[in-house]
Amino acid sequence: MEKAKNDKITIAIDGYASTGKSTVAKRLAKELKYIYVDTGAMYRAVTYFALQNDLINKNYFKEKELIERLPEIDLTFHFNQITETNDIYLNAANVEKEIRSLEVSHYVSPVSAIAEVREYLVKLQREMGKNKGVVMDGRDIGSVVFPDAELKIFFTAEAKVRAERRLLELQEKGEKVDFDSIYQNVLDRDRIDSSRKESPLIKTEDAFEIDVTCINKEEQYQKVWELAQNILIAKTKTRK
Ligand code: DC
């Protein structure tokens, strides 16, 4: 793969849960030598904080208290030499593993529906991408965080296929999970993420929609790589 000489751009990758956004975004960032930001990890870390501090469980959600305590939440990413990707740290503790649990997945949608939580995280995300040269994945990157991103991707896939992928991922990490609860979680998150008032999951008009139901990971990556290269090459030409 030949890489175009380029001015750096902003790449926004949005879409439904478990459509392979982060796999594509990580690899793309690595090949372009861009920063990668997993915004889902940030919403998950806030949720983990809420669980740890007894602010949310199946009986209640202390929204107001979580909002008041947002300034206590310090989120940073640090490169992990072994996995060759960024791990998320919550108040200086690596919580990369903890935030991927099914329990966090269960509570993350209500937490990410809160306007103040979104405001807090969007501000951090804009700061992280302010110099361009960033690949950011999430739900509202192309619509809210970086509406001027030069490249916007929106991934979709059938819910059953996404649940199967997620099941494999979690099983590989040694979690004991069953297909039905994962499938239900995928459906619930789709519903809440798409219907919430604050920054719902939507495809913007200028985003490229890619349905990954019937394509493999390599094909998925190549489609995005080509789109990125076209933009980078066009940018180089206009500069000449
Ligand atoms: O990408 P993920 O599945 O790890 O994200 C977890 C949840 O975080 C997802 O269900 C919705 C929320 N999220 C969001 O609301 N906005 C983002 N930019 C990223 C994630």
Side-chain angles (χ1 to χ4, degrees), residues 10-26 29 36-51 56 66 70 73 75 77 85-88 90 95-129 134-147 149 152-157 159 161-163 165-170 173 175 177 181-204 207 212:
T10 301
I11 301 177
I13 301 190
D14 291 301
Y16 289 93
S18 300
T19 44
K21 297 183 295 294
S22 63
T23 307
V24 169
K26 260 181 223 168
Y36 164 60
V37 180
D38 173 357
T39 64
M42 299 169 82
Y43 288 93
R44 285 174 180 273
V46 173
T47 307
Y48 183 65
F49 174 91
L51 281 163
I56 193 165
L66 175 61
L70 283 173
I73 301 178
L75 297 179
F77 286 98
T85 186
N86 287 331
D87 284 349
I88 191 160
L90 165 65
V95 292
E96 187 59 38
K97 186 165 181 283
E98 290 77 359
I99 61 159
R100 309 285 165 194
S101 71
L102 200 53
E103 193 190 20
V104 170
S105 297
H106 183 71
Y107 291 106
V108 66
S109 283
V111 169
S112 52
I114 299 173
E116 288 82 352
V117 169
R118 304 203 69 82
E119 244 167 63
Y120 187 69
L121 296 185
V122 167
K123 201 167 154 219
L124 281 176
Q125 291 154 9
R126 288 192 177 137
E127 186 59 32
M128 290 172 179
V134 66
V135 184
M136 200 171 277
D137 79 52
R139 302 294 189 288
D140 60 342
I141 312 305
S143 58
V144 174
V145 184
F146 292 118
K152 299 182 186 178
I153 305 289
F154 191 86
F155 285 136
T156 63
V161 172
R162 291 187 281 128
R165 287 182 184 196
R166 187 102 190 109
L167 179 71
L168 275 179
E169 248 174 56
L170 289 170
K173 287 180 185 162
E175 278 217 32
V177 279
S181 36
I182 294 192
Y183 182 50
Q184 194 52 51
N185 177 251
V186 163
L187 292 179
D188 289 345
R189 285 204 286 148
D190 283 358
R191 184 177 40 78
I192 306 176
D193 295 345
S194 310
S195 62
R196 69 178 174 225
K197 207 170 109 253
E198 299 299 329
S199 315
L201 172 65
I202 45 153
K203 181 192 119 33
T204 57
V212 300

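Both counts, for ligands and for their atoms, begin at 1 and track the order of listing. Because the structure is a prediction, the values reported are computed rather than measured.
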Exercise. Which is it for Ile73 and Val46 under the side chain to side chain contact (heavy atoms under 4.5 Å, CB included) test, yes or no, and what are the steps along the way?
Worked result: CA-CA 7 Å; Ile73 301 178; Val46 173; 4.1 Å; yes
Exercise. Do any pairs count as a side chain to side chain donor-acceptor pair (under 3.5 Å) and have a residue in residues 108-117, sequence neighbours left out, and if so which ones?
Worked result: Ser109-Asp193
Exercise. Near Ser109, which atoms of ligand 1 are under 4.0 Å from a heavy atom of that residue?
Worked result: 10 (O)
Exercise. Which residue owns the protein heavy atom closest to atom 6 (C) of ligand 1, what's the atom, and how far is it?
Worked result: Arg189 NH1, 3.5 Å
Seminar exercise, completed: Per-atom filter on ligand 1: closer than 4.0 angstrom to a heavy atom of Asp140 are 16 (N), 17 (C), 18 (N)
Exercise. Tell me, which protein residue and heavy-atom name are nearest atom 4 (O) of ligand 1, and how many Å apart are they?
Worked result: Arg44 NE, 2.7 Å
For this session: Show your reasoning for whether side chain to side chain contact (heavy atoms under 4.5 Å, CB included) applies to Ile141 and Ile13.
Result: CA-CA 7 Å; Ile141 312 305; Ile13 301 190; over 6 Å; no
Exercise. For ligand 1, which atoms, with element, lie under 4.0 Å from some heavy atom of Asp193?
Worked result: 9 (C), 10 (O), 11 (C)
Exercise. In terms of residue, atom name and distance, what is the protein heavy atom nearest to atom 19 (C) of ligand 1?
Worked result: Thr39 OG1, 3.4 Å
Exercise. Got the closest protein heavy atom to atom 1 (O) of ligand 1, with its distance?
Worked result: Arg139 NH1, 2.9 Å
Exercise. Can you list the ligand 1 atoms lying under 4.0 Å from a non-hydrogen atom of Arg118?
Worked result: 14 (C), 15 (O), 16 (N), 17 (C)
Exercise. Taking Asp87 for the side chain and Glu96 for the main chain, is one N or O donor matched with an acceptor at less than 3.5 Å?
Worked result: no
For this session: Taking atom types as modelled, find out whether Arg44 and Ser105 have a side-chain donor-acceptor pair closer than 3.5 angstrom.
Result: yes
Problem set entry | Any N or O of Asp38 closer than 3.5 Å to N or O of ligand 1 | no
For this session: Could you tell me if any non-hydrogen atom of Gln125 lies under 4.0 Å from any atom of ligand 1?
Result: no
For this session: Can you sort out the partners of Thr19 under side-chain contact (heavy atoms from CB on, under 4.5 Å), two or more places apart, ordered by chain and number?
Result: Tyr16, Lys21, Phe155, Ala157, Arg162, Val212
For this session: Considering only NZ, NE, NH1 and NH2 on the basic side and carboxylate oxygens on the acidic side, decide whether Arg165 and Glu169 come within less than 4.0 Å.
Result: no
Exercise. Taking all non-hydrogen atoms of both residues, which atom of Ala25 and which atom of Asp137 are closest, and how far apart?
Worked result: CB-OD2, 3.7 Å
Exercise. Which of the atoms of ligand 1 are close to Ser112, meaning less than 4.0 Å from one of its heavy atoms?
Worked result: 11 (C), 12 (C), 15 (O)
